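Below is one structure; the comments refer to it alone.
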Amino acid sequence: MKLLAWLGRKVGGALVVLWLVATAIFIGVRLIPGDPAEAIMGGPGSQASAEALANARSEYGLDLPIISQYFLFLAKLIRLDFGTSYSFKDPVLQIMGEVLPPTINLALMALVVAWLLALLFALLAMRANKVGQLLGNAVEIVAAAVPHFWLGAVLIMLFSSMLGWLPAVANGTPAGLVLPVLTLALPLAGFLTQLMRDSLNTAMGSQFALAARARGESRLTVFRRHGLRHAALPALGLTGWAFSSLLSGAVVVEAIFARPGLGRSLLSAVLARDIPMVTGIALFSALVYIVVMALTEAIERLIDPAGAES
Amino acid sequence: MSRTAKILSSLFILFWVLTAFVPALIAPADPLAINPSQAFQAPSGAHIFGTDESGRDVFTRVIHGAGDSLYIGLAATALGMGLALVLGTAAALAPRWLDEVILRVLEALYSVPSLLMALLIIAFTGPGVGPAIVAVGLSTAPGYARLVRSQIRTLKNSEMLEAATVLGRGTWLKVRNHLVPNALQPLLALVTLGIGQAVIWAAALSFLGLGTPPPAPEWGAMLSAGRTYLHLAWWLSFFPGLAIVVVAAGATLIGRALGGKVKAL
Amino acid sequence: MRRNQRTTRLLTGALALPLAAALIAGCSTTNDPAASKDAEPVAGGTLVYASGDAEPSCLDPHVGGNYPQALVASQFMESLFTKDAEGKIIPWLAEKTEVSTDGLTRTITLRDGITFHDGTKLTSEAIKANIEHLQDPNTASSTGYLAVGKVDQIKLVDELTAELKLSAPDNALLESLSMPWTAIQSPKGLKRDQAANCAAPAGTGPFKVESWDRQQAVNLVRYEDYVSPAATPERASTASYLEGITWRFIPEAASRYAALQSGEVDVIDNPQPDTISTAADNGLGHLDAPRPGASNRLELNSSKAPFDDVRVREAFMHAVDVNSGINSLYFNTAKRSYSLLSSVEPLGISDESKFTTDATKANELLDAAGWTQRDSEGYRVKDGKRLTLKFPVSTNQSVPAEQSLFEQMQAAAKPVGFEVKIELLDLSSWYGALAKHEYDLVSAPYTKVGPSVLRILFHSDSTVPAPSGYFANNAQVKDPKLDQLLVDAEQTNDEAERAELYKQAQQIVLDGYYVMPLYDQQNHFLYSKNVHGMDETTAVSSPIYYNVFLDK
């Protein structure tokens, strides 16, 4: 029952958030100076025909009072009718189905790799001496400060142009994924390591850990039994944020590595002022974020039932 | 923060403030002066960061670019923080229902990833520096606002406030004298961390061609122009990238140092 | 210059291919490191092509009608006519054509035995269906629409012959019908809704569209029943050597080049000039195929201040230094042009004297025009207004090197007192700025086969915006004498008179300092050394991969 209530709260909250995002977009489109029909069809430069404008006007009810337009807009969204992308000439929902999976895939893979790298780094840091610690500190801070677009270009130059080890553009093979995933994962791994090391140091210095050490358990065992969990929890709490920053990074990475996906579609939709497409992407990325947040919350409850309640 | 750290941080900040406001002090040349016959010179004594496709000195441009790049990062952070102070304070002090409403709004803001939000805003406004600032500012606001809210809520019930209430001060005074300063400290740490990220996002927008237009020496725009010649002249994109990394990493270090201080309180 | 191997085969049909290829290498600007003389054609393999252009939203080049569409459509659609090695228009899908003495009736007879990808036979019905499709406002054709503007009615004479009734004589009609934007597709295919036809137009070309994975690739496969209108006896099969083409879109120039270097892709377009100049050293082939029609040039908006004064326009020409910029930015891959027309247009004239860099002269002209004051920033001022030039630049149409060139012009014009305000815009905002007349300078490339492009660009009718707001006469030239010359030039049936009329027309535009030519519309391709036979192009210089083959 408790689970059901939790689920109910989540779904309710999600709907409210989606409604707010949709409302903001509705207001945004109306704030664009000029003819909203023209705005929907791609702005003054799109050279939309008079007929196309008339179609857009009737489809979006632009001759109705503004409040009716708003409800019409919401009603369409509820029926999952996001309209037709005028620049892709396909229904937005269908395009979403095509571009969402590769981006989620990329982001998930980058998330996993970032986690593994962060864990590895945290482990190494535990065994390192003072100089090693300092070096590790520097590496993780620099990693977190490197812009995706720069890292991607440098990796391509090194591994594709100069060494010829890895493909420069995503070509569907596993090898083609290495560079895009690394480009996304490295900066995130920098963040996660910083976070993990802080909590790890606290955890390993705790009474709990000291007692265990006194019982004669090895440092590594203590780390595995107690430290890891304490190190992982705060980082896990950041997963929602991390995933969101990965989606941001995907815009750049998809452009550099010529990967299909949400980010690249959004970029071209923005350049073409394709409002139905932009609306769809905003709502879908919000939905993705909400789902990821709910999932991490569920995992947190599993790992630490007491902590998640607060 | 240790003494050395304080001195180093101050020097770091001083350097970038100087660079942003009086770049000519460090690099006296004109960042826009072209000299096609000197194009694509590798780093050397005459041009320590080399020259770009129009023969402009990359070092001069990186130094003069600090103003634009940092301005966008700072303005965006200021905007986000301003918004966060208003929303966070309101949420913390408001009745439960309004708190709930504001929280939902923040969640909605948070749910659209930063760069996606920036692109969304640019879809409505068209590209430019202004939209880039608004976009990055708006997308950082919810994070700050949540912290403001939780800080103020903790403080609301604290002894200080009770004491102030006993003394019969007005609500406004309470907010001004006790809540705001106490909420500000941890915020300062977060903001410092945030500035680095804001500079990166702003550069990303310029990189995508949606921020500062060339030939202005903004770092993201320089990087974007330079990556075209990655195979010929690595220095065109390396040095602006380095500047971004230095600023973002420096901001992180200082923010972390400040954060440590906050915990000690 | 010869770039069209298709035509070579027409002329030297009996020659063995290796010899034909050697002939091409002798006179084209191709540079094939794998010395084509010892390369025996091998069938098989899929070529991977990487385009730097934005992915078209529609593969049917009738819709809209831009160059990226032409590049890909040249593989699966063919035109009624094409251009031979000497730049002469010759029949392609058409077998023969004639025009009535009054110039108002054009008869076109098609080749027999050609079938569209969807199984429909090519008949005169297709001519009618295609021209009507171009003229239908719902198609939203911009390029093809203008090209067939004078066709009034189409009468079907027999199964293979159609009669085009024209509203006025049009000696450019065959040139217009040689472009991919007027290419012929299956009438049955055109009856589908636009989305379906955009996704997979059915043409007659050597490849057909198998599938289109948005943002990944257009997958083209060999059309087994292809019949080349210029069939050669030595080819055992008339189908292409390649099994297919994977047509990818990789907008990042550095990524695209890295992909070519690492062998992931076989051919790239829009390479960076620096990579073109080092191509031979890196074992890459290079095809240089300048586009026909207009040269790449700056247009000066003469309809408003400050460029409504011819002295200010002339001053601008002398204020900037284009040549040193082209040298440093283009690495000798682009040649400075002093002509309104592309170097592949035989009727183009050049006038170098008008475009010398001479700051003294520029200063004198501006002084004479009354721009005598200077403000604190050093810009010239007249009646309290600064000498400012708004220059919207489309990031979709100007490659980075060109954007840098404009920045250099901006810097060079400053000492003379011009403030050039460059605005980098996406295509939509750029069209918007033009439609609102918010520009003094603009670079708007226009590709068309033949000198009749001059009428589109400089006739006063082209200053009147279409319902969409677009107009092609961005320089806003309004000269009744020029109008008359351009109309007459299109209607004469005397080739010498046509050349003379176009010469006079070009001189008027050059003398008025309306346009600053920069270079030909650049159209370069780099390919890896296992690609052979990269030298066949359509009339608009888009490569065709019918004769291309890969090393095993």
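Just so it is clear, the model here is predicted, and its values are computed rather than measured. We name chains A, B, ... by the order of the sequence lines, and we start the count at 1 in each one.
A 6.0 Å sphere centred on NZ of C/Lys421 holds no more than 12 heavy atoms belonging to other residues, nucleotides or ligands. Within a 6.0 Å sphere centred on CZ of B/Phe21, heavy atoms belonging to other residues, nucleotides or ligands number 12 at most.
Of the two parts of B/Leu32, only the backbone, made up of N, CA, C and O, holds a non-hydrogen atom closer than 4.5 Å to a non-hydrogen atom of chain C. Only the side chain of B/Ala39 comes within contact range of chain C, with at least one heavy atom under 4.5 Å from a heavy atom of that chain. With a 4.5 angstrom heavy-atom cutoff, C/Gln272 touches chain B only via side-chain atoms.
Taking the six-membered ring where the residue is Trp, the centroids of B/Trp234 and B/Phe238 are separated by under 6.0 Å.
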side-chain hydrogen bond (donor to acceptor under 3.5 Å, both in side chains) assessment of B/Ser206 paired with B/Glu218: CA-CA 8 Å; B/Ser206 292; B/Glu218 199 271 339; 3.0 Å; yes

Yes or no on side chain to side chain contact (heavy atoms under 4.5 Å, CB included) for C/Lys361 and C/His318, after CA distance, side-chain angles and deciding distance? CA-CA 7 Å; C/Lys361 199 165 174 190; C/His318 298 305; 3.9 Å; yes

For C/Asn530 and C/Ser528: C-alpha separation, side-chain torsions, deciding distance, then whether side-chain hydrogen bond (donor to acceptor under 3.5 Å, both in side chains) applies. CA-CA 6 Å; C/Asn530 63 333; C/Ser528 61; 2.5 Å; yes

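Comparing C/Gln403, C/Lys414, C/Gln410 by how many heavy-atom pairs each has under 4.5 Å with chain B, the most go to C/Gln410.
Side-chain atoms of C/Asn523 come within 3.5 Å of backbone atoms of C/Ala289 as a donor-acceptor pair (strictly under, hydrogens ignored).
Judged by the 6.0 Å distance and 45° axis criteria, B/Arg227 is positioned over the aromatic ring of B/Phe207. A cation-pi arrangement is absent between C/Arg336 and C/Tyr330 under the rule of less than 6.0 angstrom and at most 45 degrees off the ring axis. At least one cation-pi condition fails for C/Arg248 and C/Tyr49: the charged atom is not both under 6.0 angstrom from the six-membered ring centre and inside a 45 degree cone around its axis.
Ring orientation note: the planes of C/His437 and C/Tyr439 are close to parallel, at an angle under 30° on the 30°/60° scale.
At a heavy-atom cut-off of under 4.5 Å, chain B is reached by C/Glu252, C/Ala254, C/Tyr257, C/Ala258, C/Gln261 from residues 250-262 of chain C, listed in order of number. Proximity to chain C among residues 55-80 of chain B is limited to B/Arg56, judged by heavy-atom separations below 4.5 angstrom.
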